[in-house]
Chemist: 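Sharing a structure here in structure tokens format.
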Amino acid sequence: MFRPVSSKPDLVAQEHDILNIWRERRTFARLRAQNAGRERWSFLDGPITANNPMGVHHAWGRAYKDLFQRFWAMQGRDQRYQNGFDCQGLWVEVNVEKDLGFTNKRDIEAYGIAEFVSLCKQRVLTYAARQTEQSIRLGMWMDWNDPHELRRLRDRLAEDPSQQVTIRSTAGIDVTDTAEMLVGRLGMPDLGGSYFTFSNENNYLIWSFLAECHRRGWLYKGHDTMPWCARCGTGISQHEMTEGYADREDPGLTVKFPLVDHPGESLLVWTTTPWTLTSNVAAAVGKELRYVKVRQGEEIFWLGRGMAKRALEGPFKVLEERLGQELEGWRYTGPFDDLAAVQSAFAGADGKPAYEHRVVVWDQVGEEEGTGIVHIAPGCGAEDFALGKSLGLPMIAPLDESGIVLPGFGAFSGRDVRDVADPIIESLKHRHRFYRLETVTHRYPHCWRCGTPLVFRLVDEWYISMGAVYDVPREQLTPEQVDASLRYQIMEVIRDIKWIPGFGYERELDWLVNMHDWMISKKRYWGLALPIYDCDCGTINVLGSREELAERAVEGWAEFEGHSPHRPHVDAVKIRCSGCGQPVGRISDVGNPWLDAGIVPFSTMPHGAAAVDGKSWFPADFVTESFPGQFRNWFYSLLAMSTVLRRETPFKALFGYALVYGEDGRPMHKSWGNAIDFDEAAERMGVDVMRWMFANARPEDNILFGWHAADEARRRLLVLWNVYSFFVTYARLAEWDPRQAAPAVAKRAPLDRWILSRVARLANAVEMEFKAYDALAAAKEIDGFIEELSTWYLRRSRKRFARNADPTDRAAAFATMHQALEALTRIMAPIMPFLSESIYQNIVVTSVAGAPDSVHLTPWPTDELKGLNDRALQASMEVAMRVVDLARTLRSQTGIKVRQPLARLWLAMPGADRLVERDALLELVKDEVNVKSIELIGDESALVDRRVKPLLPKIGKKLGSAIPAVMAAARENRFELLADGSVLMGGVTLAADEVEILATPKPGTVVAHDEGLVVVIDTELTAELRAEGDARELQRAIQDARKEAGVELDDEVKVRVDAPAAARNALEEYIRSVEIETRSTIVFGVVPPSADTVAVELDSGAVTIGLAGKAVAP
RNA sequence: GGGGGAGUAGCUCAACGGUUAGAGCAUGGCUCUUAUACAGCCCCGGUUGGAGGUUCGAAUCCUCCCUCCCCUACCA
């Protein structure tokens, strides 16, 4: 017998039970064994940053990942099930710094890089363990490391990285190595478990990638002015800029640059970054722009003509007008010519000034903002740098890597760049160079990690060239051009990918066209050690492997030996320069973390000789990640690296989804009170509710996640639960068991055959949707099925499950419901692994011989159910359901309750003869809407009129301006039906296929209609009908009373009914059937005051009923 | 600043140029039911952001304006 099921499930507790069952029975391991060696489905997990606990936003993507893995497992596919952790980079560093209370890089150096890097590793292990536990809670089936082992490894690493430690692989084999080396070997085949991007293998493979880039001449050192975060002390690459833009208020400062050759006259220049004025080198004007000389009081200024009104304060008089090019070469006195840094930058070889501030022409000068004369500081802006370089201007770089003004800048030296604006303005006022100060709000880049406003700094960084952008359409490129430009090669590669949603392809393409070279260096500590050895002789050595490092090492190897390829140990090694033969050290930079994530197809899916059994998992069939940002990050790095190494795509299909927002439509934010922690969500709403919510979200839109949304999602699941609970309750009462013989499907009621056909169709539809990676469409199918299972199949079948039902029919109903539920649990298992498992365990595992002991070990049911499909029956049933809807509408319009039986229902149904099982279906309708008989009438009936609906899309173009007349005729029912089926109306003749003939009710009767169906009810109530209605009303009241009294379903009760004589008479005929339905014995008479009483207003009079206790002792 | 979207019921979103703009949620009302803290139905709710234009007909196409979002960008 089935285990009893509460009607109010504790979903959360149930999920924990299921987790225990899976663990005890090693269900996942058995699933893997079951599919091992079969056709593969290769999923590549995008690494989650192991830096914090997992959030509900991670849960969205992880729900998709698990969903599709489970689905393909049910398709019998072999899989890798490897989760990934992203480990290296600034994310982790910033948090470790925060924990230590550090404010900048000098603190790290003082603390010790080795210790700092070790803490970074420990933090990764801490959160990898945590996220592993959370992911398991989510139901995600992966080849997980034991979280306790990860924590133990972390603790051993903290104690002494060189100590020998033994850990158990996920396959159960003990492996011994030093703590540091074991950490570096995580995710490798011998240890199993999640891959970690800090692994030795991952790092060395990036080396080989970089060496390959170098071999092809694509790796170079750039000297440029880059966005720079002073707090983090590192440049920010173009890939990282997106999230960092925010509105910011800055000073809008207008200053005077006195002209050397025009005494008393000054240029007016505008800037929002006062600190860059110390490094001013030139002032740029537009060649074709017009400039004016104006007088204000005693002073004379030059500025753009179009800007004068806005930029000048107070009245002015225009004295002269010139083109920008006429100003070229004018010399002016710089704002801070007395600074040593300026003097030395301008000095020639002999120490005398070789350069003077002057006006230059620049095509990018515009007239939208400022004064039309642009302050140029090549050391403080990328565009300024480019201009300065092309004109051979001196460069002045005022900041060190922490944003502190360098020596040589007088009183400003040693101050933080963020604090020098005011002193500079003061100083300018002092020097009579100040003109005006306002406040400007503009979009300004900030550090994506720590939020510090970026500055621009002149630095050396390392880049991978993305190749030329040719000024011709792509299809006209020659193969040679494509071979020379990586970006076009990537563009070719991405054509082979199925992008879901489709706009992903365009977006990636757009990024590829516009992207700059890939800046891969970071002046930090925790990350990939770039294998670049930049020799003073001009030779750049790039190593491709640990072996090459060993081979070429000339010193420091002993210090490195036994360590992961991280700073500081790897920095100890010096190699022999291939150019000059001298020892050369590694550059101190670490790598861009997207290199770490981009190499994982190669580090986790070895191919060729490296493949474990000669078969490669590369390329992946599927990847899925949140798309905002990833087009320039993970997707990009995957594609770039795979294109360089193999010139083919690393994945065949990409499914992108948007962001998780709070219920209020804003990003989740702790301080806004709309954030929900994953753990809290899991333990309060349950993960299946969450997964159901996620599956029902439109992936291309942001999902609004919250408690109300969860309640709504849970509702549909409770409908299913109620069906299940009903089934189990009655199966237990009937002691029904799936092993009992049931009538053959063909012999069952049409209702049974219909729901089985329905579930067969569901299996097929959901399979198709999952294969198209459309979880939403699949969820909608399932949702629709649950709705019909509950509100039609079960609703119409309820009586069939009762004890007094026909035994054969009852057996058929039980068997049908059982099969439908069993199939449904399998179909929804990928989305809701717990709920489906819980139902399956109870109704299948306990009682079906030979059934797998988990729903997740069952195959996808489409093939098993195929034979049950019956399209004609489904179409007919839909008509019946619509008739019921119409009849209900009529009842509610006339105010006649469904409990009140009606004599007749008239039904006009075009094509009624095409319906299969017509009589049986009409019986269902009769029962459902409580009418004694249904009479079919033709559309010629006196009850309906005909109406003509012109099919506008067909006739619109043809008729043009005649349309209004035709439509008016249609509205007013003015038309003539011709013998050949055509229709004359509004002065034109419409062919039969240009119109639809509708049956519509004649006014004056109670009718409802819908697409040709017309339903009319007979509202006349005879005395018998009223009496029967009263009986049902009484029955209902007794059931209510039973419920109030908390009587068990199976208990017999005694009921006293206090009714006037008229009511007694009316009810008399039906008392016996009411007794049966309500499992009671009815006695008319006074209700004792002690009983639970209920008052009912019957048609035949007011009655009071009272439960007088149980009739039969239990 | 450049490019692309989107503005439709209180909220979240639908609606090949086709005449009465629909769903879900929320509010309110009703109903069904020992599946009993389930569910169903109905009502209410709209100048389709605004103004013009094209068309027999516009939420839909065009122009301008307003607002928001996304992508992109160091314009000083």
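The chains referred to below are lettered A, B, ... by the order of the sequence lines, with proteins before strands, and numbering in each begins at 1.
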Chemist: Is the gap between the ring centers of A/Phe694 and A/Tyr657 under 6.0 Å?
Modeler: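 When the ring centroids of A/Phe694 and A/Tyr657 are compared, they turn out to be at least 6.0 Å apart.
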
Chemist: Specify the residue among A/Lys8 and A/Gly960 whose closest nucleotide of RNA chain B lies further upstream toward the 5′ end.
Modeler: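 Comparing both residues, the 5'-ward one is A/Lys8.
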
Chemist: Using purine N1 to pyrimidine N3 plus N6-O4 or O6-N4 for Watson-Crick, or N1-O2 and O6-N3 for G-U wobble, each under 3.5 Å, what pairs with B/C13?
Modeler: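 By the stated definition (distances under 3.5 Å), B/G22 pairs with B/C13.
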
Chemist: Closest approach of A/Ser1080 and A/Val1074, non-hydrogen atoms and distance?
Modeler: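 Nearest heavy atoms, A/Ser1080 then A/Val1074: OG-O, 4.5 Å.
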
Chemist: Side chain of A/Arg716 only, please: which of B/C32, B/A35, B/G40 is the nearest?
Modeler: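 Selected nucleotide: B/G40.
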
Chemist: Which nucleotide wins on minimum distance to the side chain of A/Ser790, given the candidates B/A35, B/C32, B/U33?
Modeler: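 Output: B/A35.
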
Chemist: Sort out the partner of B/G7 for me: Watson-Crick or G-U wobble, both distances under 3.5 Å, none otherwise.
Modeler: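 Paired with B/G7, as far as the under-3.5 Å criterion goes, is B/C66.
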
Chemist: Tell me if the side-chain of A/Ser7 makes a donor-acceptor pair with the base of B/A37, cut-off 3.5 Å, by modelled atom types.
Modeler: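 Answer is no: no donor-acceptor pair is held.
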
Chemist: Any strand is fair game: report the nucleotide pairing with B/G57 by Watson-Crick or G-U wobble, both distances under 3.5 Å, or none.
Modeler: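 When the pairing criteria are applied, nothing turns out to pair with B/G57, so the answer is none.
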
Chemist: Tell me which of A/Asn722 and A/Ile963 sits closer to the 5' end of RNA chain B, going by the nucleotide each one is nearest to.
Modeler: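 Nearer the 5' end of the strand: A/Ile963.
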
Chemist: Counting side-chain heavy atoms from C-beta on, which of B/G40, B/G24, B/C38 comes nearest to A/Glu712?
Modeler: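 My answer, after comparing the listed nucleotides, is B/G24.
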
Chemist: With a cut-off of less than 4.0 Å, is there a side-chain N or O of A/Arg798 near OP1 or OP2 of B/U33?
Modeler: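 Checking A/Arg798 against B/U33: no side-chain N or O falls below 4.0 Å of OP1 or OP2.
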
Chemist: Hey, does A/Arg899 reach any base, or is it just sugar-phosphate, or nothing, if we go heavy atoms under 4.0 Å?
Modeler: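 Here A/Arg899 touches the backbone only, sparing every base.
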
